[in-house]
Amino acid sequence: MEIEDVKISRKKPVFPVGAGLLKYLKMYQRDSRLPIAYADLLNFDETVPVIDKNGVDTYWEIPLYPQHVQDHLYEQLKIVYAELKASGNTRIVQHKVIERIEFCAFGNTRPFRIKIVNRLNDVYDYFYIKQADASRIYGLELEEILSPNQVNYLCDRSTLVEEHIVGIPGDVFAKSRMYTPDYNQTRIAKEFVKFNERCVISLLGDMRAYNFVMQITPDFDDFQFRIRAIDFDQQFYEGNIKVYMPQFFKENYPYVKLSMDHLNEKTVLQYQQEERSSIVHRVRSERHRIKDLRDASKTQQLSTEENIIKLREAHAQYYDDPKYLQCQSMTDIIERNVKNVIRSVQL
């Protein structure tokens, strides 16, 4: 594996949800009619920064609303949570309260993070409200279809609501937990190779360590590890092929080094092939949904012509496959990736 400093020069534009994607969302029950919109949460007067327990700025801020506005928002947000978690059954929020709203102007979709607490036992959960970006929604759908992970979200026109994905942020894990004596470093390296492969095939970009989390599950004789993406803003937009390969980001150097220390070329190829086989199985079981998602993507712009040309040429060279040069969209490139994966598994 190699490492270098891959840079994304500018923020990706937010693409609105087109008619084709809206139809798809209704078909697969991802649409909803929510009591509030993303724009309603922007009606704050000022913010105060959120500082972590070590005194470090988190880049999140607490928006300050007039009291009557806040009271209304809190009640409506409980209904949104019920829609996300229980198809609108408000009995699940009967004993819950919104503890706080946080805002991040740093992200592409400028998300709000909502903390909701059960007042009977202080158990809490988070969920997110964001601008509905078509790229992000396609990323969430591809994660649902092509990865071993399930995602839970709802879309209402220009508003996107997402479930919190539990895990240790990848950068925090690398700094403080990666070399825990009870952890098998080879298993961690194996998961990074598989995660890298999923990103390459699905064109999920910008998977720097702070854009994914590590989930750790104790097994009867060891710990299992799963890397999960939490940021889908850079789904198939950029033209640089390395943006879709986590191994090339300097922020992921600890994972790359771990892989180089504990894996050889033969085992890397073995783990890549295992992940491809899993993807083929998922593609076959979800082939109708994939077709519907592809058809929806054909109805709107999701990148620039320049980026599409640059990426298809890079793929043609990287895979020594001139058929990539016939791709007219980013989803054509993903479709070609999947066909190559199916072919490689059948060989």
Might you work through the salt bridge (Lys or Arg N to Asp or Glu O under 4.0 Å) test for R282 and E275, ending with a clear yes or no? CA-CA 11 Å; R282 290 189 284 269; E275 191 59 33; 3.2 Å; yes
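- Rounding to the nearest 0.5 Å gives a distance of 9.5 Å between CE of M214 and OH of Y183.
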Salt bridge (Lys or Arg N to Asp or Glu O under 4.0 Å) between E238 and K310: does it pass, once the steps are laid out? CA-CA 9 Å; E238 294 287 336; K310 182 178 178 182; over 6 Å; no
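- Contact of the Q328 side chain with the I308 side chain is not registered, since no non-hydrogen atoms from C-beta on lie closer than 4.5 Å.
- A side-chain donor-acceptor contact under 3.5 Å links Q270 and E274.
- Atoms CG and CG, from L25 and D31 in turn, are 6.5 Å apart once rounded to the nearest 0.5 Å.
- Salt bridge D292/R294: absent, no basic N to carboxylate O contact under 4.0 Å.
- Counting heavy-atom neighbours within 6.0 Å of K298 NZ, excluding the residue itself, gives a total above 12.
- Counting heavy-atom neighbours within 6.0 Å of Q300 CD, excluding the residue itself, gives a total above 12.
- Rounded to the nearest 0.5 angstrom, R136 CZ and Y153 OH are separated by 11.0 Å.
- The number of heavy atoms from other shown groups lying within 6.0 Å of NZ (K115) is above 12.
- Shown here is Y59, whose OH atom has no more than 12 heavy atoms of other residues, nucleotides or ligands within 6.0 Å.
- Checked against the 6.0 Å centroid criterion, the rings of F112 and Y38 qualify as a close aromatic pair.
- Contact of the D182 side chain with the D222 side chain is not registered, since no non-hydrogen atoms from C-beta on lie closer than 4.5 Å.
- Counted by atom type alone, T90 and K78 present zero donor-acceptor pairs between their side chains at under 3.5 Å.
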Which is it for R208 and D231 under the salt bridge (Lys or Arg N to Asp or Glu O under 4.0 Å) test, yes or no, and what are the steps along the way? CA-CA 10 Å; R208 288 174 278 192; D231 188 340; over 6 Å; no
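- Residue Y319 places its OH atom among more than 12 non-hydrogen atoms of other residues, nucleotides or ligands, all under 6.0 Å distant.
- I230 and Y128 fall into different hydrophobic clusters, where Ile, Leu, Val, Met, Phe, Trp and Tyr side chains are chained together by heavy-atom contacts under 4.5 Å.
- For Y24, the ring pair (Phe, Tyr, Trp, His ring centres under 6.0 Å) partners two or more places apart in sequence, or in a different chain, are Y28.
- With hydrophobic clusters built from ILVMFWY side chains whose heavy atoms lie under 4.5 angstrom apart, L293 does not share a cluster with L154.
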Please determine whether ring pair (Phe, Tyr, Trp, His ring centres under 6.0 Å) holds for the pair Y255 and Y253, giving the CA-CA distance in whole Å, both sets of side-chain angles, and the decisive distance to 0.1 Å. CA-CA 5 Å; Y255 295 91; Y253 176 72; over 10 Å; no
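- Using modelled atom types, one finds no donor on one side chain facing an acceptor on the other under 3.5 Å when comparing D156 with T159.
- Of the charged side-chain nitrogens involved, at least one lies within less than 4.0 Å of a carboxylate oxygen, so that K257 and D261 count as a salt-bridged pair.
- Environment of CG in D320: sparse, with no more than 12 heavy atoms of neighbouring residues, nucleotides or ligands closer than 6.0 Å.
- Checking E144, R226, Q215 one by one against N149, the side-chain hydrogen bond (donor to acceptor under 3.5 Å, both in side chains) holds for a single residue, R226.
- Residues M27 and L140 fall within the same hydrophobic cluster, defined by Ile, Leu, Val, Met, Phe, Trp and Tyr side chains chained together at heavy-atom separations under 4.5 Å.
- Looking at N340 and R343, their side chains do bring a donor and an acceptor atom within 3.5 Å of each other.
- In summary, the side chains of R91 and Q94 do not present any donor paired with an acceptor at a separation below 3.5 Å, with no hydrogens or angles considered.
- For the pair V213 and V166, the tightest heavy-atom approach, listed with the atom from each and the gap, is CG2-O, 3.8 Å.
- Looking only at atom types and distance, the side chain of E61 has a donor-acceptor partner in the side chain of T47 under 3.5 Å away.
- Grouping the Ile, Leu, Val, Met, Phe, Trp and Tyr side chains by contacts below 4.5 angstrom, directly or via other members, places L269 apart from F195.
- For the pair L204 and Q234, the minimum side-chain heavy-atom distance is 4.5 Å or more.
- Residues Q224 and R187 have side chains that bring a donor and an acceptor to within less than 3.5 angstrom of each other.
- Here the straight-line distance linking atom NZ of K190 with atom NE2 of H262 works out to 15.0 Å at 0.5 Å rounding.
- Once rounded to the nearest 0.5 Å, the distance linking SG of C199 with NZ of K194 reads 14.0 Å.
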As a quick check of understanding, evaluate salt bridge (Lys or Arg N to Asp or Glu O under 4.0 Å) for K175 and D171, giving each step before the final call. CA-CA 6 Å; K175 289 177 184 176; D171 54 339; 5.1 Å; no
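- Cluster membership check: F236 shares its hydrophobic cluster with Y324, using side-chain heavy-atom separations under 4.5 Å among Ile, Leu, Val, Met, Phe, Trp and Tyr.
- Note that CZ of F223 and OG1 of T180 are 8.5 Å apart. Values are rounded to the nearest 0.5 Å.
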